[in-house]
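In what follows, a structure is listed as structure tokens, so that the remarks can point back to it.
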Amino acid sequence: MEQSRALELVKPHLTESRYTHTIGVMETAIILAERFGEDKKKAEIAAVFHDYAKYRDKEQMRQLVRDDLPCKDILEYSSELLHAPCGAHYVEKELDIRDQEIIDAIKYHTTGRPNMSGLEKVIFLADYIEPNRQFPGVDEVRELAESNLDEAIIQMLENMISFLISKRQLLYPLTLETYNHLITHFEGSFDKE
Ligand code: DGI
Ligand code: FE
Ligand code: FE
């Protein structure tokens with residue numbers, strides 16, 4: 001799919017600021033894909049559609065999860081988590097995007113998961129560091145993303161998890177599993193006291 005066609009398809013589903021964010025994620029994802037040897041075209045398409053379901057009706061998304069998706073546990077956590085797996089489903093059904101790597105990158109873009117593919121990592125990180133983002137600590141993650149995808153994601157998860165704790169938000173187990181997996185596999189596997 002051409003970039004212009006993809007953007008045209010996603011635009012009606014987003015607010016203006018979310019569309020600007022989406023363009024930022026797309027441009028960042030292409031740069032990261034180039035840098036870390038991932039497929040740029042897949043990164044572009046996954047980025048364009050990553051927030052496709054951001055403004056869908058929450059009750060309809062809960063229904064979809066209850067009836068058709070395997071991730072039932074998500075229903076017990078923040079409704080902000082719904083748009084990732086539901087978006088992956090809608091993109092497949094409504095836009096006929098069948099590439100499983102693209103679908104998985106959309107599905108896991110909010111929480112990550114253990115053993116993420118390179119493309120999943122690129123979208124997960126691009127969503128966090130795109131130029132319109134202004135989270136505390138984001139510049140440190142941008143700096144790490146210049147050279148090390150896994151280190152950047154570990155720092156990003158530390159920021160995210162600390163932020164959620166500071167707001168006394170429930171932590172979705174998959175987010176923690178992503179973090180545990182990365183520090184086990186990419187920070188040396190010795191125990192730190
Ligand atoms: O959709 P975006 O705003 O671009 O970004 P996103 O898809 O990463 O969604 C961010 C939201 O997801 C934010 O409100 C925090 C929430 N989130 C991510 N991981 C967890 C989480 N919320 C809870 N409660 N638990 C998590 O583990
Ligand atoms: Fe999102
Ligand atoms: Fe996003």
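Remember, it's 1-based here, ligands and their atoms both numbered in the order they're listed. We count residues from 1, following the sequence as given. Nothing here was measured: the structure is a model prediction, and the numbers come from that model.
Among Leu81, Thr110, Leu170, the residue whose heavy atom lies nearest to atom 10 (C) of ligand 1 is Thr110. Across His109, His83, Arg133, Arg18, heavy-atom proximity to atom 5 (O) of ligand 1 is greatest for Arg133.
With ligand atoms numbered from 1 in the order given, ligand 1 contributes 1 (O), 2 (P), 3 (O) to contacts under 4.0 Å with heavy atoms of Lys54. Annotation for ligand 1: atoms under 4.0 Å from non-hydrogen atoms of His21 are 4 (O). Taking every heavy atom of Met160 and a limit of under 4.0 angstrom, the matching atoms of ligand 1 come to 18 (C), 19 (N). For ligand 1, the atoms closer than 4.0 angstrom to any heavy atom of Gln169 are 24 (N).
Side-chain contact check for Asp104 versus Arg113: some heavy-atom pair is nearer than 4.5 Å.
The two atoms that bring Asp73 and Tyr172 nearest to each other are OD1-OH, 2.8 Å, heavy atoms only. Nearest heavy atoms, Glu151 versus Leu144: O-CD1, 3.7 Å. Residues Ser147 and Phe36 come closest through the heavy atom pair O-CE2, 3.6 Å.
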(message) ring-ring contact (aromatic ring centres under 6.0 Å, His included), that's the test. Do His50 and His83 meet it? Break it down for me.
(response) CA-CA 9 Å; His50 84 283; His83 76 285; 7.6 Å; no
(request) Begin with the C-alpha distance, continue with both residues' side-chain angles, and end with the deciding distance and a verdict on salt bridge (Lys or Arg N to Asp or Glu O under 4.0 Å) for Glu80 and Lys54. (result) CA-CA 8 Å; Glu80 280 301 312; Lys54 190 77 180 176; 3.0 Å; yes
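Contact annotation: His109 places no N, O or S atom under 2.8 Å from the Fe ion (ligand 3). Residue contact annotation: Asp51 places an N/O/S atom under 2.8 Å from the Fe ion (ligand 3).
Under a hydrophobic clustering in which Ile, Leu, Val, Met, Phe, Trp and Tyr are joined whenever their side-chain heavy atoms come within less than 4.5 Å, directly or via other members, Ile103 and Phe49 fall into the same cluster.
Under the 4.0 Å distance rule, the nearest protein heavy atom to atom 26 (C) of ligand 1 falls inside the cut-off.
With a 4.0 Å cut-off on non-hydrogen atoms, Thr111 does not touch ligand 1 at all. Contacts with ligand 1 closer than 4.0 Å are made by no heavy atom of Leu176, backbone or side chain. Of all the heavy atoms of Asp127, the ones lying under 4.0 Å from any atom of ligand 1 belong exclusively to the side chain.
Between the NE2 atom of His21 and the OD1 atom of Asp127, the angle taken at the Fe ion (ligand 3) works out to 80° after rounding to 10°.
Closest to atom 20 (C) of ligand 1 among all protein heavy atoms lies Leu164 CD1, 3.5 Å. Looking at atom 11 (C) of ligand 1, its nearest protein heavy atom turns out to be Glu80 CB, 4.0 Å.
Ring centroids of Phe135 and Phe163 are separated by 6.0 Å or more, keeping the two rings apart.
Note that CD1 of Ile153 is 14.0 Å distant from CD1 of Ile183, once rounded to the nearest 0.5 Å.
Under the 30°/60° scheme for interplanar angles, the aromatic rings of Tyr52 and His13 are found to be tilted.
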